[in-house]
Structures are given as C-alpha cells and as structure tokens.
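Just so it is clear: chains get the letters A, B, ... in the order the sequence lines come, proteins before strands, and each one is counted from 1. Being a predicted model, the structure only gives us computed values, none of them experimental.
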Number of protein chains: 2
Amino acid sequence: MNEKHQIFYETSLKLVYKKGFKATTMRDLAEEMGCDVSNIYNYIDSKQSLLEEILFNINDLFQEGIDLIRCSDYGPIDQLKQVVRLYVNLSIERPLELSLLTNEWRNLKGEKLELFISEREKFEHKVKSIIREGMRKKVLIEMDLKLATFLFLSALRLLFDKYALTENPFNKIELERQINRYIFQGFTNNSK
Amino acid sequence: MNEKHQIFYETSLKLVYKKGFKATTMRDLAEEMGCDVSNIYNYIDSKQSLLEEILFNINDLFQEGIDLIRCSDYGPIDQLKQVVRLYVNLSIERPLELSLLTNEWRNLKGEKLELFISEREKFEHKVKSIIREGMRKKVLIEMDLKLATFLFLSALRLLFDKYALTENPFNKIELERQINRYIFQGFTNNSK
DNA sequence: GTCTATAATTCGATAGAC
DNA sequence: GTCTATCGAATTATAGAC
C-alpha cells in the first residue's frame, strides 16, 4: 500500500462514513481526491474491493485483539474489561472504520459477505465463551447467555458514534472507568 | 391508507430491511409485489416518500411513548423501566421498522433529514432529562450525563436485531426482567 | 499517472393505451 | 388499476491518447 493509496483510503473512509457506501459514487470520490474518475482505478480494482479492504482490515484488529485477551491469564471479568478497552481504543483511534463495520457490511456480496458474517460470529462466540466462564464461576449474574452477550456488546458497538464526529469531554482512562462501572456495577446507586 | 397500500408498505419493509434502502430498486419492489414498476406509483409518490413514511411513522410511536412516560407519576428509575418496556414492545412488534430507523435514516434528504435529526435529538433529550433527575435524587450513579444516556439507550437501540429475524427463547416479560436487572443492577454477581 | 471519451448497464419516473 | 414502452439521468468501469 503506497502513499497515494493511503490518501485515497482515508478520503474514502470520510466520504463513505458521511454518505453511506451505496450513496458514495466514484465521481464523489474523484472530486474529493481532486482527480478524474478513471484515476481511482489506479489505486483500487473496483468500488466493491474498496469496501472489502476497509471492513476486513478493521475486522482483523478485532480478531487479533480478542485472541490476545483469551489466551491471557486474567479471569473472566478482567478479560471482559480488556474487551471494553479494545472497543474504547478502536472507537477513539478508528471511529470511521468502526462505523462502516456496523453500518455497511450488508453491501458486501457473495462469498465476501458470507466470510464477513462468519468472522462476526466467530468474534461473538469468543466473547460469549468468556461470559459463559464468568457465569460458571458465579462472578457474573445468571441469565440467558445469548442475551448477556448481546447486552454487553451493544453498548460497545455503538461507542464509535461518540468519537466519529463529536468532540469529547474526558480522556480514555476516565471513559473506560465509567463504562466499566456502568456495565459491571449497574446504573442504580447502591452506595447509600 | 387503503389495503393495497398496506400490503405494499409491509412488502417494502421486508425488502428494504433485507437489502438496504439504496440497494432496493423499484423493480425489486415490483417483482415482490407481482406487478409492474409503474403500478407502484399508484400507492406512493416516490421512492423517497416511502422511506419518509416508514421512518416518521415509527418515530411517532417513540415520541408518543416517551411523552406518556414523562407525564406519569413514576420516579426516575421506574420511568426508565418504562422506556425499556417501550423498546422491548416495539422491538418485538415492529423490528423491521426499528431496523430502518437506525440504519436507513441517512438516506433521507433535505428538510426531511433535518427534521428527523431534530426529532431524534428531542427524544434523546427527554430520556436524558429523566436520567438527570435520577442522578439529582441520587438513585442513579453519578457519571457523565451524556455518556449515561448513551449507554442506557445503546442496548435498547440494537434490541430489534434479536427479533427481526431470529427466533427467541423467552417471552416479553422475562426478556424485560433480565434487561432491567442487567442495566440497573449490573453484570457482576454481588449476591454472594 | 493523468486526462478525454464513451461503453454498458441500471436507475427512478412517466406517457398513454386499455 | 394495470400494462407496454420508453425517457433522461446516473452509475461503474474501460479504452486509448498523452
């Protein structure tokens, strides 16, 4: 990936985030790059391959992250806190890619779509296995495993929205601390 | 809205949910309806107006719901539990519309897009005011108000995904109970 | 690498006969 | 309400000159 490709990659990210993949035309990309439509095909093979590149790049970071966490010596709760950290870090550092990951994957086609879905399930399954272990050890509350995995991940999955465009009031450490307290201790104040 | 319009409306919902609004063509809709493309314009004015109708219909249900909750006599936590119930009910009864609400609103244009965004902010503001009151009364934990609102809503916002396609293991009451416990008491088991 | 020009297709929408 | 036929615009992508 040379320099021009890199510039094109980041320009594409911004535009697709803003307008959506389907609504972003090659002409839009060319205008944003300040070149002709035909030049874009020097950097990529097709519009479709651009989406594939973006989505599988960011997917790789999640898969690497969760694998590192799972082979660590931490207990279930600390492993889940590492998952929180993974999402916080990527949401801050790569908010646009995370947005496309949740909003644009339906635009993949054929075997790429199937591959993506299976990767997504693989990731969820790994998180689920941590939660299952936490329930088995009684450090997490007993509840439907699938629902628990969904609830735990849902807050993290939309986190990018707070960082993709809006300025943010506090630093990464404080954000992580508040999210962890909300998730693990709950919303109700029991300190009284 | 006559009967044919109703059938078309529901057919559109399924197709747009499955393929996305941009990727769903008038020809796709016609094929699914078993009629010609030109017939569709007997039921709607344009493809764009179809999206507007769907999104503002479901938006109205949320606005009515949150307004009813806010003018009730319940305390902050019970009002938030009513918000959970609102999402659970709509996620079960109208999962496709909820999916479009979160995934397709970017495809609105001009003043309709602006209107939608302002409606969305209005709803969030109302939820936020309940949470603010809960923090003031010390029944909710002290934390950044914006982050708290985001975390509370994020789990509810993606709930439709569990009901749009997948079969589900437990009933509405049990689902609501488990979500409430997760949100308000937290993920950690403190019963020991 | 960059442009002009254009192919080949698909899109939303309409006119007009029945 | 339903069809046939089609318009005009927009789309992705390519060929070929420089």
Side-chain angles (χ1 to χ4, degrees), chain A residues 1-57 100 103-113 116, chain B residues 1-57 100 103-113 116:
Chain A
M1 180 144 70
N2 58 38
E3 188 185 357
K4 265 288 176 65
H5 185 109
Q6 184 66 31
I7 293 175
F8 173 73
Y9 186 87
E10 283 161 17
T11 304
S12 305
L13 268 182
K14 287 182 203 162
L15 218 50
V16 174
Y17 168 78
K18 188 177 169 188
K19 307 187 61 169
F21 177 72
K22 270 273 182 182
T24 301
T25 69
M26 301 303 275
R27 284 171 179 77
D28 291 332
L29 290 172
E31 191 178 2
E32 196 77 11
M33 286 288 290
C35 71
D36 194 86
V37 183
S38 57
N39 292 98
I40 296 181
Y41 292 92
N42 294 331
Y43 318 131
I44 56 168
D45 291 335
S46 66
K47 191 187 175 188
Q48 208 63 29
S49 71
L50 170 65
L51 182 64
E52 294 163 5
E53 182 186 349
I54 294 174
L55 294 190
F56 286 103
N57 269 352
L100 302 206
N103 291 323
E104 306 293 349
W105 63 268
R106 284 167 203 259
N107 292 306
L108 290 171
K109 290 179 181 173
E111 59 180 9
K112 294 292 184 177
L113 177 59
F116 182 86
Chain B
M1 182 143 72
N2 58 38
E3 188 185 357
K4 265 289 178 58
H5 184 110
Q6 185 66 33
I7 293 174
F8 173 72
Y9 186 87
E10 282 161 18
T11 304
S12 305
L13 269 182
K14 287 181 203 162
L15 217 51
V16 174
Y17 168 78
K18 188 177 169 188
K19 307 185 62 168
F21 177 73
K22 268 274 181 184
T24 301
T25 70
M26 301 303 277
R27 285 164 178 80
D28 291 333
L29 290 172
E31 190 177 4
E32 196 77 10
M33 285 288 289
C35 70
D36 194 84
V37 184
S38 56
N39 293 98
I40 296 181
Y41 291 92
N42 294 329
Y43 318 131
I44 55 168
D45 291 335
S46 67
K47 190 186 178 190
Q48 207 63 28
S49 71
L50 170 65
L51 182 65
E52 294 163 6
E53 182 186 349
I54 295 173
L55 295 189
F56 286 103
N57 269 352
L100 302 207
N103 291 323
E104 305 294 348
W105 62 271
R106 285 166 203 259
N107 291 308
L108 291 171
K109 288 179 183 173
E111 58 180 10
K112 295 290 184 179
L113 177 59
F116 181 87

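Every residue two or more places apart in sequence or in another chain that forms a side-chain contact (heavy atoms from CB on, under 4.5 Å) with A:Glu32 is listed here: A:Thr11, A:Leu15. A:Glu31 is linked by a side chain to side chain donor-acceptor pair (under 3.5 Å) to nothing, counting only residues two or more places apart in sequence or in another chain. Listed by chain and residue number, nothing satisfies the side chain to side chain donor-acceptor pair (under 3.5 Å) test with A:Glu52 (two or more places apart in sequence, or in another chain).
One interatomic measurement links the two molecules: CD of A:Gln48 to P of D:dT12, which rounds to 11 Å at whole-angstrom precision. Following rounding to the nearest Å, A:Ile7 (CD1) and C:dG1 (C1') show an atom-to-atom distance of 14 Å. If you measure from atom NZ of B:Lys109 to atom P of C:dG12, you get 10 Å, rounded to the nearest angstrom. Between the CD1 atom of A:Ile44 and the C1' atom of C:dG1 there is a distance of 16 Å, rounded to whole Å.
Of the residues in residues 31-42 of chain B, those placing a heavy atom less than 4.0 Å from an atom of DNA chain C are B:Ser38, B:Tyr41, in numerical order.
For A:His5 and A:Glu10, the side-chain atoms include no donor-acceptor pair closer than 3.5 Å. Between B:Tyr17 and B:Asn103, the side chains place no donor N or O within less than 3.5 Å of an acceptor N or O (distance only, hydrogens not considered).
Residue pairs satisfying the salt bridge (charged side-chain N to carboxylate O under 4.0 Å, His left out) criterion with at least one member in residues 14-29 of chain A, sequence neighbours excluded, are listed as follows: A:Lys19-A:Asp28. The side-chain hydrogen bond (donor to acceptor under 3.5 Å, both in side chains) analysis of residues 36-45 of chain B, with sequence neighbours excluded, yields the pairs B:Asp36-B:Ser38.
Distance alone, capped at 3.5 Å, is enough to place a donor-acceptor pair between the A:Gln48 side chain and the A:Asn107 backbone.
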Look for any protein N or O under 3.5 Å of an N or O in nucleotides 6-11 of chain D and output each such pair with its distance, or none.
none

